[in-house]
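Contents: one structure, followed by commentary.
Only heavy atoms go into these numbers, but all of them, side chains included; no hydrogens, no water, no symmetry mates. In the text below, chain A, chain B and the rest are named by the order of the sequence lines, each starting its count at 1.
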Protein chains: 2
Amino acid sequence: MTSRPALAPARSVDDHRQRIEALLRPLAERETERVPMAAALGRRLAEEVYAPLDLPVFRNSAMDGYAVRADSVATVPVTLPLAGVVAAGNAGLHPLPPGSAVKIMTGAPIPPGADCVVPVEDTHGDGATVTIEKTRVAGDFVREPGTDVRAGDLLVAATTVVAPRHVAALAAVGFGDLPVTRRVRAAVLTTGDELVPAGSALAPGQIYNSNGIALAAALTDNGVEVLSVAHSTDDPEEFRRALTAAVATADVVFTSGGVSKGDFEVVKDVLATLGGEFGSVAVQPGGPQGLTVIDGVPVLSFPGNPVSTMVSFEVFARPILRWLAGLPEVATAELELVDPVRSPAGRRQFLRGRVADKSVALVAGPGSHLIATMANADVLIDIPAETTELPAGSMVRVRWL
Amino acid sequence: MTSRPALAPARSVDDHRQRIEALLRPLAERETERVPMAAALGRRLAEEVYAPLDLPVFRNSAMDGYAVRADSVATVPVTLPLAGVVAAGNAGLHPLPPGSAVKIMTGAPIPPGADCVVPVEDTHGDGATVTIEKTRVAGDFVREPGTDVRAGDLLVAATTVVAPRHVAALAAVGFGDLPVTRRVRAAVLTTGDELVPAGSALAPGQIYNSNGIALAAALTDNGVEVLSVAHSTDDPEEFRRALTAAVATADVVFTSGGVSKGDFEVVKDVLATLGGEFGSVAVQPGGPQGLTVIDGVPVLSFPGNPVSTMVSFEVFARPILRWLAGLPEVATAELELVDPVRSPAGRRQFLRGRVADKSVALVAGPGSHLIATMANADVLIDIPAETTELPAGSMVRVRWL
């Protein structure tokens, strides 16, 4: 008998997504690693980072000019004897003799006894004296220690995704490496006797495996470290071995193919014996979905049609993976539909669309094999499950790919 | 004599930016390299890529079910003898005997002679025969070759930045590597006797070098490959050596520091002898700027105050670098100012701001040393040169960091 039992009622998209999110959310508590500053760019800061020192570190000049006491320049023009030069990087420990000036560069320490800086533009000198043309008050062009940040103050909050401006601030207080949350680690496992890798000649009945590299790209693009991209034929033993290897190292495993209603559904057949739940989600494309937990590692099983695989990733995995990586949410918008749309009753449909101005046009049909065409899409058009028909000009919700 | 000649009139921000863009724009014509698909993610496609084969490659089934001739199922229910099974990956060369059915899996080749597929849900079978419950017409659930893309059709256009959906399409037609424009290569060279690297103890007058790592992060973040991050003291010979090394390998060199009005302006002093133009741009922070071309390599010299360095990068370099990388333009918006602002006459000012809802608050003052504070900013507030005062509630243009 090859007839099938009646299907369980299909689960909703939101229900299935929430089940996946509940399985992946604990990965937020993954371990911390210290990485060099350059490698921390784009990573999620694991801890609050406090300033270990004041910035400015010491009282210094905001300008190239002359450090003086304000009362020496109360009446101008005034000519003062030059008592020395202090450049950036000098220790700057020599006090300013009363009634004199010290030539000073931007960032150089203010000599003890000086209380303001006269910018070079407002002076002229002869090497032995300087004539000051403009009066100044105490504090002018002096940067006081700790006015940018004080030692012990919070500098960058935990969970911040490190951007260049954070690198600048953290380097300025002397950090050379940073505590970041390690990336979520994924393994990708494609299945199907018909799939061959790039570079092979296609025998009759064969096609190129695109799901492995495409899922890996999608994971990388969303802050996940891809540990392995493997392929198995529809042989259960081979699949079992590949699965064991994937589960041994990854935080989450993605499979594609072998979940539908054919005779050789290796993913469903093997994972069902390991407690996997396989069933129908009320979505098109991507209806058949599987969810298994092996040794605490979630295994998400997507259908093998290339468009189904990519849409499953977008809808079920991408939001939670971006949240885990600290990346911004997937952008959505309400746009006007250029073309009329028909949609199957009771199934939420994600059509591929291309945006121009405030409207969105369909990119080819709903066929889940139309992967070349998908390259032209920039959004998924989200058609609610209860909608069966939308005239051109309707407003629809889209999510950016 | 240390008095200075009168300054040339300051150049406008747009004028200086356009000069930089004119120097960097020819880098759009840089060479092509072939990289493995995984490394092509986020890179700019160097050529139009055409499909080398049809997709689907061959006529195949869109469903798990039974391949039949439509005229065999014109009247239902009908029971047909089962003439075989064809799975995905089978060559599928055996013709369908007239009046029979062949069990078929999704993606498997349609046997010659069959013209439609009856989904398994609409059948029941006993292994020797299958009873079809629903009539079908020719073409139902059959994917014809070339209906996704035809051999010779444009698949992905040149200059496209490769996203996961492009990877999927390109892998599906058998590409294992892709022609991409190589990244722009930059060298970073910081200067200043006062700067020490992370991990050193600070002697009096010293500060940590943040500009090197921060510029490198900003470059990486905008699609540039950073070849080197070097530092030179204010010794002209040392700077000259570091500069020679940088120019020898990079497409563009960024220097920080040594461009102002002090006595030890190593960048200005050395580069001016090599034809460099140093002058004032009507901007705050970041007024002193230098531009030199050595052996065809543009050298952009930013002032050394950390905020000046970062704002110079944002305003003068980032737009053209993103264009060269094929990345989207820097996002801007019009927002309501929470705080009143004063701005120097005749200078365009970029203040650090933090956005909440549709308004933007100042993050600390305008001081160009306030680098720790800059970590809290998410935008630069762009105050036009002619504006000297804006009350709270004014609308201002911001650019996202």
Backbone of B:Ala377 reached by a side-chain donor or acceptor of A:Arg165 within 3.5 Å
yes
Suppose a student defines contact as a heavy atom less than 4.5 Å from any heavy atom of chain A. Which residues in residues 190-200 of chain B would they list?
B:Asp193, B:Glu194, B:Ala198, B:Gly199
Under a 4.5 Å cutoff for heavy-atom pairs, which residue among A:Val229, A:Val86, A:Thr373, A:Val149 has the most contacts with chain B?
A:Thr373
Just so I understand: if I count every heavy-atom pair under 4.5 Å between each of B:Pro164, B:Gly92, B:Ala108 and chain A, which residue has the most?
B:Pro164
If I measure from the heavy atoms of chain B, does A:Pro119 come under 4.5 Å with its side chain, its backbone, both, or neither?
neither
Taking side chain as C-beta onward, heavy atoms only, is B:Leu55 less than 4.5 Å from A:Ile371?
yes
For A:Ala203, which atoms come within 4.5 Å of any heavy atom of chain B: side chain, backbone, both, or neither?
neither
Can you tell me which portion of A:Phe58 sits under 4.5 Å from chain B's heavy atoms? Options are side chain, backbone, both or neither.
side chain
Please report the closest heavy-atom contact between B:Ala168 and A:Ser210, naming both atoms and the distance.
O-CB, 3.4 Å
What part of B:Pro56 gets closer than 4.5 Å to chain A, counting heavy atoms only: side chain, backbone, both or neither?
side chain
Could you tell me which portion of A:Val85 (side chain, backbone, both or neither) has an atom closer than 4.5 angstrom to a non-hydrogen atom of chain B?
side chain
For the CE atom of A:Met105 and the CG atom of B:Asp263, what is their distance to the nearest 0.5 Å?
3.5 Å
Interface check, chain B: of A:Arg143, A:His166, A:Gln206, A:Met374, most non-hydrogen pairs under 4.5 Å belong to A:Arg143
Tell me, for A:Asn305 versus chain B, whether the close heavy atoms (under 4.5 Å) come from the side chain, the backbone, both or neither.
side chain
Select one option (side chain, backbone, both, neither) describing which atoms of B:Ala218 are under 4.5 Å from chain A's heavy atoms.
both
When B:Gly176, B:Gly65, B:Ala88 are compared by non-hydrogen pairs under 4.5 Å with chain A, the top option
B:Ala88
To the nearest 0.5 Å, how far apart are CG in B:Leu202 and CG in A:Leu53?
6.5 Å
Could you give me the CA-CA distance, side-chain angles and deciding distance for B:Thr106 and A:His369, then say whether side chain to side chain contact (heavy atoms under 4.5 Å, CB included) is met?
CA-CA 10 Å; B:Thr106 306; A:His369 64 296; over 6 Å; no
Quick one: CG on B:Asn60 to CD1 on A:Ile207, what's the gap to the nearest 0.5 Å?
7.5 Å
A:Ala38 portion near chain B, given a 4.5 angstrom heavy-atom threshold
both
If you count heavy-atom pairs under 4.5 Å between each of B:Ala214, B:Gly107, B:Ala217, B:Gly42 and chain A, which one has the most?
B:Ala217
Report yes if some heavy atom in the side chain of A:Asp221 is under 4.5 Å from a heavy atom in the side chain of B:Leu41; otherwise report no.
yes
When heavy-atom pairs shorter than 4.5 Å are enumerated against chain A, which of B:Asp234, B:Val167, B:Val162, B:Leu370 gives the highest number?
B:Leu370
Would you name the heavy atoms of A:Lys261 and B:Asp64 that are closest together and state the gap between them?
N-OD2, 2.9 Å
What are the two closest non-hydrogen atoms of A:Ala169 and B:Ala375, and how far apart are they?
CB-CB, 3.7 Å
With a 4.5 Å cut-off on heavy-atom pairs, point out which of B:Ala172, B:Pro109, B:Ala62 contacts chain A the most.
B:Ala172
